[in-house]
Number of protein chains: 2
Amino acid sequence: MLETERHAIIMRMVAELGTVRIQDLREETGSSESTIRRDLIELEKQRKLKRIHGGASKLQGKLSESPMTEKSSKNLQEKQEIAQLAASLVDENDTIYLDAGSTIYEMIRHLPPSVTVVTNGISHTDALLDRGCKTILTGGSAKPSTKALIGRGALASMNQYRFDKCFLGVNGLHPDYGLTTPDEEEASMKELAIRLSRDAFALVDPSKFQEVSFARFAELDEVTVLTTAAARESLEHYPHSMKWKVTDQ
Amino acid sequence: MLETERHAIIMRMVAELGTVRIQDLREETGSSESTIRRDLIELEKQRKLKRIHGGASKLQGKLSESPMTEKSSKNLQEKQEIAQLAASLVDENDTIYLDAGSTIYEMIRHLPPSVTVVTNGISHTDALLDRGCKTILTGGSAKPSTKALIGRGALASMNQYRFDKCFLGVNGLHPDYGLTTPDEEEASMKELAIRLSRDAFALVDPSKFQEVSFARFAELDEVTVLTTAAARESLEHYPHSMKWKVTDQ
DNA sequence: TGTTTTTGAATATTATTGATTGATATCTGA
DNA sequence: TCAGATATCAATCAATAATATTCAAAAACA
């Protein structure tokens, strides 16, 4: 069994189960415990997972996987629905900001080609250009794990523009803690995007409800939250001042 | 079995399976292990696949390089030699600027991982991050054909930095018309890069000698020209004030 | 025919693996 | 809370597998 094959198996199991123990991986791959251990060390170094006593767990929030290798298909289905709703809010000739991240990525193929898009997601460029959109990247440091552009240069670069709308990914949506995301620098980008936009939208799939991540980037009433109809019942736990938009049925 | 046949088989299997082991390829082609090994080395050099311990896997950051139907392999060979020469001029911990373009791309895998790289070539990011370099993109509009970042935003973004060295692609090198390139906006980027760098280098394969393209971005003596030894005889047609560096023999 | 290129086998070098060890962390039941 | 039992971990080492290198035979070419 090749190293890459083992890594693929490990990542798949981690993605599916959330956490796995070394013994299970040993059986699944037919390799020895030492080898699995070494694999986990390697994968942790690549920021693909987190090692825990007895096994490994997936990184929460962080999309260590590329936009293509998606998690569960249910999750993907939800993301696509929300993304489609988000794209439907974009008007012809709008100038919009798109956050990095896989949920936002799903919006691209529903966008009108006439929009001008500013983004800090390097992975979005191919799809945006294919779609025919005018595509502008913020500058800045490329973050290896998510390929998001961040840092001083990215903020300065974004600050040159103003947007009709911005669309942001979110890792936690909590009544007390507001909108949060694991990376402080990405949080700064989101924060600035909101300030520079006439309207701000957060794409939140139901798994992010009641979750809290590290860095807060917005209060609950600063953005319009887009989510699935399935989450409708959860809405009562949040302040009435919030703005929501949910998908059909 | 012809070399091209084997290469076709290998590429097909890699494309279908994602990863293949050498033994399978050996059986499939009926060639010896050594031959397969040589094929894989060759295909890796052509950036068609990635060699891994025990076999080969397909490139993941691909998409970007495919439309670039590689010209003659002689041309590629020359580019690689020049790129290697260029990379050898980079010191540990340098901060450098890399132009967009395929010749410059070939430099990346020879760079010391300790360098900080600023670039306007979106296609370079994957390779730079794989290499472990600190990677900074200039912002700006993404040009669909070359995936270069250009325009006001790109210039403003680059202007935040200063470089030890910059490395530029060139389309024409002419005794009277200096260094030229087809796109005016890319020319502006090159021009500014030279101004912001302590040392500027142009990578010029021999087919560009005596050529003239649309937009001039530098005089002949503003940069050090890197080229192959094969071009040595052409050098006398150019002013003596120019600085050259040529590959070995 | 002589020359160059390609190939496959042999060998030396390097990387990966799995077992073993002692150390460290977690769990259990008082 | 503690101590003992158990499980997991990091480090090492020998065995194995994969790789690079070399060389001579075979094939392709002129």
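Convention: sequence-line order gives letters A, B, ...; per-chain numbering from 1.
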Atom CZ of A/Arg37 and atom P of D/dA10: how far apart are they, to the nearest Å? 7 Å
In whole angstroms, the gap separating P of C/dG18 from CG of A/Asp39 amounts to 10 Å
Who passes salt bridge (charged side-chain N to carboxylate O under 4.0 Å, His left out) against B/Arg198, sequence neighbours left out? B/Asp164
Pair B/Asp199 + B/Lys165: basic N to acidic O under 4.0 Å: no
Would you please name every residue forming a ring-ring contact (aromatic ring centres under 6.0 Å, His included) with B/Phe163, sequence neighbours left out? B/Tyr97
Starting from P on C/dA15, measure out to CZ on B/Arg21 and report it in whole angstrom. 21 Å
Check: residues 11-20 of chain B side-chain donor-acceptor pairs under 3.5 Å, at least two apart:
none

Check salt bridge (charged side-chain N to carboxylate O under 4.0 Å, His left out) between A/Arg216 and all other residues, then give those that pass, not counting sequence neighbours. A/Glu219
Measure CD1/B/Ile22 against C1'/C/dT16 and give the value in whole Å, please. 14 Å
Which residues satisfy the salt bridge (charged side-chain N to carboxylate O under 4.0 Å, His left out) test with B/Arg109, sequence neighbours excluded? B/Glu106
To the nearest Å, give me how far apart CD (A/Glu42) and P (C/dA15) are. 14 Å
For A/His174, enumerate each residue passing the ring-ring contact (aromatic ring centres under 6.0 Å, His included) test, keeping only those at least two apart in sequence or located in another chain. A/Tyr177
Is there a donor-acceptor contact under 3.5 Å linking the side chains of A/Glu81 and A/Thr228? no
Between D/dC9 (C1') and A/Arg51 (CZ): distance, integer Å: 8 Å
Atom pairs, N/O to N/O, protein against nucleotides 9-12 of chain C, distance under 3.5 Å?
{"residue": "C/dA9", "atom": "N7", "partner": "B/Ser34", "partner atom": "OG", "Å": "3.3"}

Enumerate all atom pairs, one protein N or O and one N or O from nucleotides 24-30 of chain D, separated by less than 3.5 Å.
none

Residue closer to the 5' end of DNA chain C, A/Leu2 versus A/His53 (nearest nucleotide): A/Leu2
Tell me the interatomic distance from B/Asp24, atom CG, to D/dA18, atom C1', rounded to whole angstroms. 15 Å
Ignoring backbone atoms, establish whether A/Thr35 has a side-chain N or O less than 4.0 Å from OP1 or OP2 of C/dG18. yes
Determine, for A/Lys79 against A/Asp205, whether the closest basic-nitrogen to carboxylate-oxygen distance falls under 4.0 angstrom. no
NA contact type, B/Glu33, heavy-atom cut-off 4.0 Å: base, sugar-phosphate, or nothing? base
Which of these, A/Glu184, A/Glu186, A/Glu185, sits in a salt bridge (charged side-chain N to carboxylate O under 4.0 Å, His left out) with A/Lys143? A/Glu186
DNA chain D: 5'-proximal contact among A/Gln23 and B/Ile41 (nearest heavy atom): A/Gln23
I'd like to know whether CZ of A/Arg21 has more than 12 heavy-atom contacts from other residues, nucleotides or ligands below 6.0 angstrom. no
Any salt bridge linking A/Arg37 with A/Glu33? Criterion: basic side-chain nitrogen under 4.0 Å from a carboxylate oxygen. yes
Once salt bridge (charged side-chain N to carboxylate O under 4.0 Å, His left out) is applied, do any residues pair with A/Arg51, and if so which ones, sequence neighbours excluded? A/Glu44
The helix from C/dT1-D/dA30 to C/dA30-D/dT1: angle between end helix axes, five pairs per end, rounded to 10 degrees: 40°
Of all residues at least two apart in sequence or in a different chain, which pass the ring-ring contact (aromatic ring centres under 6.0 Å, His included) check with B/Tyr238? B/Phe209, B/Trp244
Counting the atoms with a prime plus P, OP1 and OP2 as sugar-phosphate, which does B/Ile52 contact under 4.0 Å by heavy atoms, base, sugar-phosphate, or nothing? sugar-phosphate
Can a side chain N or O of B/Arg26 be found less than 4.0 Å away from OP1 or OP2 on D/dA18? no
Which whole-number value in Å describes the distance from B/Glu3 CD to C/dT5 C1'? 10 Å
For DNA chain D, which residues of residues 5-20 of chain B approach it to below 4.0 angstrom with any heavy atom? none
